[in-house]
Amino acid sequence: MVSVISNSIAYKPIISIENIVATVTLDESLDLYAMERSVPNVEYDPDQFPGLIFRLETPKVTSLIFKSGKMVVTGAKSTEELIKAVKRIIKTLKKYSIKITGKPKIQIQNIVASANLHVHVNLDKAAFLLENNMYEPEQFPGLIYRMDDPRVVLLIFSSGKMVITGAKREEEVYKAVKKIFDKLEELDCVRPIEEEDEIEI
Amino acid sequence: RWRKWQVRARIQSSIDRNLAQAMNELERIGNLLGLPKSVKDEAALIYRKAVEKGLVRGRSIESVVAASIYASCRRMKIARTLDEIAQYTKANRKEVARCYRLLLRELDVEVPVSDPKDYVTRIGSLLGLSGATMKLAAEILEKAKNVGLTAGKDPAGLAAAAIYIAALLNDERRTQKEIAQVAGVTEVTVRNRYKELTQELKIPIQNQ
DNA sequence: ACTTTACTTTCAAAAGC
DNA sequence: GCTTTAAAAAGTAAAGT
């Protein structure tokens, strides 16, 4: 082949935020025993875990509430959903006469996302060429790659799909996916997927 | 200063005591697994590095020894699963795996990605199969790797399926059950890998 | 054999053992 | 280090039909 055919693979990933873990600070100590008595559908077993478990149906998130007035909220799929969930949790607690005065301080601690690069990844080659990676197919099918900047961990599968975790801002997720795509392509570890002739019965 | 020397000597003696105990464990587990001296020596070297880096603190000597043995087997291409090694310790697979990951991250121990072919030799010899069958199984795995069929899959399961196919083709048939047993995977896994390999590589199998 | 459920890996925070 | 929460990826496992 003489002519130089465009050998770069199109970067059209599908990225979705799957879970956001955040802490909420209320600056006010709470009586978890009173909460367990008055608020329905909560789980509280201090011998097993110091936090009271409160599940909100919409948005569907789960909150761990501590007596210090701090909470952990998990399950939100966007920042908007997270904020809405925190407001509703507090509104619900107030409804059951739990005294809360100050306004909550929300901090995102971890963002988990999934992505699909739409390429096949040669994990054996990637494991050999990438730094800071671990690929042990007898224990887990994905290659575990620790990226320094942004500081996230990616679980890369041969299907081209991946999991990105450890990010604190959504921007870091997009940056990390673009960066790993470029890196894998540069190292010649990606191959386009044959065809997507899925328009069949 | 005298004090400094004393502290150093105390640390050295604690390392020595740790090593002595670890070497006993290493010898015991290594012999139960039937490992050659070269593998045990390599494991001893890895363990010594771990102690010197203080990686054994807060962990059981036994699980770090087991992890060192696993790392050594991988480096020497001796097929042994983590479960096989962990069964001779009080620690469970999860704890040994955790120690193994620690060794990989903290020590400069290069461990190659496991190769299903290494399991072929072990499974084949345990089943008393011919060299020709093992060679055929290795060839099947090579083709599978080239078309990207092996990524992310358990090498033991892949080797078991390749052995099953190769034995069938060479009239040395073994049941999926006996292969699965020596390979340390379930029959379902052997069957799944078998289907995939025969279909994707278009390997014709006569009857059942 | 098929489906369902569940476990492997990664991450972060909370309070306390 | 452990305990608890949630979520995805793909492979493996076990239980029930």
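Numbers restart at 1 for each chain; the letters A, B, ... are given by sequence-line order, proteins then strands.
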### Message
Please report the distance separating the P of D/dA7 from the corresponding atom of C/dT3, rounded so that it comes out in whole Å.
### Response
24 Å
### Task
Using the test salt bridge (Lys or Arg N to Asp or Glu O under 4.0 Å), find all partners of A/D148 that sit at least two apart in sequence or belong to another chain.
A/R151
### Donor-acceptor pair, side chain of A/E172 and main chain of A/K168, under 3.5 angstrom
yes
### Task
Check every strand shown and say whether A/S158 touches a base, only sugar-phosphate, or nothing at a heavy-atom separation below 4.0 Å.
nothing
### Task
For DNA chain D, write out the stems as range with range, using runs of 3 or more consecutive Watson-Crick or G-U pairs with both distances under 3.5 Å.
C:1-8 with D:10-17, C:13-17 with D:1-5
#### Entry: Which residue lies more 5' along DNA chain C, comparing A/V153 with A/Q139 via nearest heavy atoms
A/Q139
### Task
Please work out which residues in residues 99-111 of chain A have a non-hydrogen atom less than 4.0 Å from an atom of DNA chain C and list them by number.
A/Q109, A/N110
### Task
Look at A/E171 together with A/K175 and state whether they make a salt bridge at an N to O cut-off of under 4.0 Å.
no
### Residue pairs fulfilling side chain to side chain donor-acceptor pair (under 3.5 Å) with at least one residue in residues 112-134 of chain B, sequence neighbours excluded
A/E138-B/S114, A/E138-B/Y119, B/K77-B/D118, B/E84-B/R122, B/K117-B/E142, B/S130-B/T133, B/S130-B/E172, B/T133-B/N170, B/T133-B/E172
### Query
Salt-bridged, A/E80 to A/K84, with N to O below 4.0 Å?
no
### Task
Select base, sugar-phosphate, or nothing to describe what B/R101 touches, counting heavy atoms under 4.0 Å on all strands.
sugar-phosphate
### Message
What's A/S159 touching, base or sugar-phosphate or nothing? Going by heavy atoms closer than 4.0 Å.
### Response
sugar-phosphate
### Task
Indicate yes or no: does B/K90 engage B/E62 in a salt bridge with an N to O separation below 4.0 Å.
yes
### Task
For A/R146, answer base if it contacts any base atom (sugar-phosphate contacts may also be present), sugar-phosphate if it contacts only those atoms, and nothing otherwise; contact means non-hydrogen atoms under 4.0 Å.
sugar-phosphate
### Query
Which part of the nucleic acid, if any, lies within reach of B/R57 when heavy atoms closer than 4.0 Å are counted: base, sugar-phosphate only, or nothing?
nothing
### Query
Want to settle it: does B/K153 or A/V21 sit nearer the 5' end of DNA chain D, counting the closest nucleotide to each?
A/V21
### Task
Work out which heavy atom in B/I140 is nearest to a heavy atom in B/A162; give both atom names and the distance.
CD1-O, 4.1 Å
### Query
Are A/E131 and A/R146 ion-paired here, with the side-chain N under 4.0 Å from a carboxylate O?
no
### Query
Is there a donor-acceptor pair closer than 3.5 Å between any side-chain N or O of A/H120 and the backbone N or O of A/G160?
no
### Summary
Residue pairs passing the ring-ring contact (aromatic ring centres under 6.0 Å, His included) test with at least one member in residues 160-185 of chain A, sequence neighbours excluded, are A/Y11-A/F181
### Task
On DNA chain D, reading 5' to 3', which nucleotide is the first and which the last to sit with an atom under 4.0 Å from a heavy atom of chain B, could you check?
D/dC2 to D/dA14
### Message
For chain A and DNA chain C, what are the first and last nucleotides along the strand, 5' to 3', with at least one atom under 4.0 angstrom from a heavy atom of the protein chain?
### Response
C/dT8 to C/dG16
### Task
Not counting sequence neighbours, which residues clear salt bridge (Lys or Arg N to Asp or Glu O under 4.0 Å) with A/E185? List them please.
none
### Task
Identify whether any heavy atom of A/V61 sits under 4.0 Å from a base atom; if not, whether one sits that close to sugar-phosphate; answer base, sugar-phosphate or nothing.
nothing
### Message
Using only atom types and a distance under 3.5 Å, with no angle test, would you say the side chain of A/K179 pairs donor to acceptor with the backbone of A/D149?
### Response
yes
### Query
Any side chain to side chain donor-acceptor pair (under 3.5 Å) pairs touching residues 30-47 of chain A, not counting sequence neighbours?
A/E43-A/R55
### Task
Output all residues satisfying side chain to side chain contact (heavy atoms under 4.5 Å, CB included) with A/K105, sequence neighbours left out; order by chain, then residue number.
A/T25, A/Q107
#### Entry: Cationic N near anionic O, under 4.0 Å, A/E186 to A/K183
no
#### Entry: Test side chain to side chain donor-acceptor pair (under 3.5 Å) applied to A/S114 and A/S16, step by step
CA-CA 5 Å; A/S114 63; A/S16 41; 3.3 Å; yes
### Query
Near DNA chain C, under 4.0 Å by heavy atom, which residues of residues 25-57 of chain A?
A/F49, A/P50
### Message
Students often get this wrong, so: under 4.0 angstrom with heavy atoms, is A/V163 touching a base, only sugar-phosphate, or nothing?
### Response
base
### Query
Contact class for B/G152 vs. all strands (heavy atom < 4.0 Å): base, sugar-phosphate, or nothing?
sugar-phosphate
### Task
Please name all residues satisfying side chain to side chain contact (heavy atoms under 4.5 Å, CB included) with A/P192, sequence neighbours left out, ordered by chain then number.
A/I9
#### Entry: Gap in Å between the two C1' atoms, one belonging to D/dA9 and one to C/dC2, rounded
23 Å
